[in-house]
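First the structure, in the form of structure tokens, and then the observations on it.
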Amino acid sequence: MERKSDYIYYLIQVGEQFVANRDCECSFIEDEEQARAFIDITAANGAAIEVDGIVVTRKVRYEELEELSVQQKVEYEAFSKDERNKIAAFCKELAITLS
């Protein structure tokens with residue numbers, strides 16, 4: 001089986017914090033894992049200019065992403081049916097489909 005490659009993504013760093021916005025408002029957090037990830041360097045550069053920040057490049061292995069997906073599925077399935085329905089309704093509003 002062919003080994004999947006690493007994935008490159010970009011974060012915007014301002015001082016010791018990272019851009020965390022998921023919508024139109026910009027906020028900052030210290031936890032890099034919760035930062036907004038860009039897959040397009042041009043978009044990352046534009047966002048960095050807007051907040052007077054710098055673009056930092058990160059790499060993640062395909063296997064790490066698979067492990068996180070499995071872990072998130074297990075956590076999701078541990079929720080009560082009511083909690084899963086709330087999540088599904090929220091995601092539907094965002095036009096995201098849970099499988």
Side-chain angles (χ1 to χ4, degrees):
M1 176 180 210
E2 179 183 330
R3 183 181 183 279
K4 304 266 183 174
S5 63
D6 294 336
Y7 291 93
I8 303 295
Y9 63 98
Y10 309 95
L11 305 175
I12 309 305
Q13 187 172 5
V14 180
E16 297 295 319
Q17 296 187 320
F18 298 91
V19 170
N21 68 323
R22 298 286 182 210
D23 50 29
C24 296
E25 292 186 31
C26 188
S27 59
F28 300 93
I29 56 172
E30 292 181 7
D31 184 357
E32 184 176 315
E33 290 184 5
Q34 298 299 314
R36 177 175 181 187
F38 292 82
I39 57 172
D40 177 11
I41 187 65
T42 303
N45 282 328
I49 290 168
E50 287 181 28
V51 297
D52 201 25
I54 62 169
V55 175
V56 292
T57 303
R58 297 292 187 256
K59 183 173 23 174
V60 64
R61 291 184 350 266
Y62 178 80
E63 292 82 9
E64 288 178 89
L65 293 175
E66 281 185 321
E67 290 168 12
L68 286 172
S69 294
V70 169
Q71 178 184 348
Q72 289 174 344
K73 183 176 181 183
V74 168
E75 290 172 5
Y76 173 78
E77 290 173 347
F79 288 137
S80 70
K81 184 176 181 177
D82 185 52
E83 289 171 316
R84 289 193 308 269
N85 287 341
K86 287 178 186 176
I87 293 169
F90 175 75
C91 291
K92 186 176 180 180
E93 278 186 47
L94 297 175
I96 297 173
T97 306
L98 292 176
S99 54

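Atom set for the values below is all heavy atoms of this structure, side chains included, hydrogens, waters and symmetry mates excluded. Only a predicted model underlies this, so the values are computations on that prediction, with no experimental measurement involved.
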Between E63 and L65 (side chain of the first, backbone of the second, donor and acceptor by atom type, cut-off under 3.5 Å), is there such a pair? no
Nearest heavy-atom pair of E32 and F18: which atoms, and what distance? OE1-CZ, 3.5 Å
CD-NZ distance between E64 and K59, expressed to the nearest 0.5 angstrom: 10.5 Å
Closest heavy-atom pair and its distance - L11, R36: CD2-O, 3.3 Å
Between L68 and Y76, is there shared hydrophobic-cluster membership here, with clusters defined by ILVMFWY side-chain heavy atoms closer than 4.5 Å? no
Take a 6.0 Å sphere around CG of D31 and say whether it holds more than 12 heavy atoms from other residues, nucleotides or ligands. yes
Looking only at heavy atoms, what is the nearest atom pair of Q17 and F28, with distance? OE1-CB, 3.3 Å
Closest heavy-atom contact between I12 and A47? CG1-CB, 4.2 Å
Quick one: list whatever passes side-chain hydrogen bond (donor to acceptor under 3.5 Å, both in side chains) with E66, sequence neighbours left out. Y62
Sub-4.5 Å side-chain heavy-atom contact between V60 and D6: no
Please identify which of these residues, E75, E83, K81, meets the side-chain contact (heavy atoms from CB on, under 4.5 Å) condition with F79. E83
Considering residues at least two apart in sequence or located in another chain, which fulfil the side-chain contact (heavy atoms from CB on, under 4.5 Å) criterion with T57? I8, Y10
Is V55 reachable from V14 through a run of hydrophobic residues whose side-chain heavy atoms are each under 4.5 Å from the next? yes
Do I49 and V51 belong to the same hydrophobic cluster, where Ile, Leu, Val, Met, Phe, Trp and Tyr are linked whenever their side-chain heavy atoms lie under 4.5 Å apart, directly or via other members? no
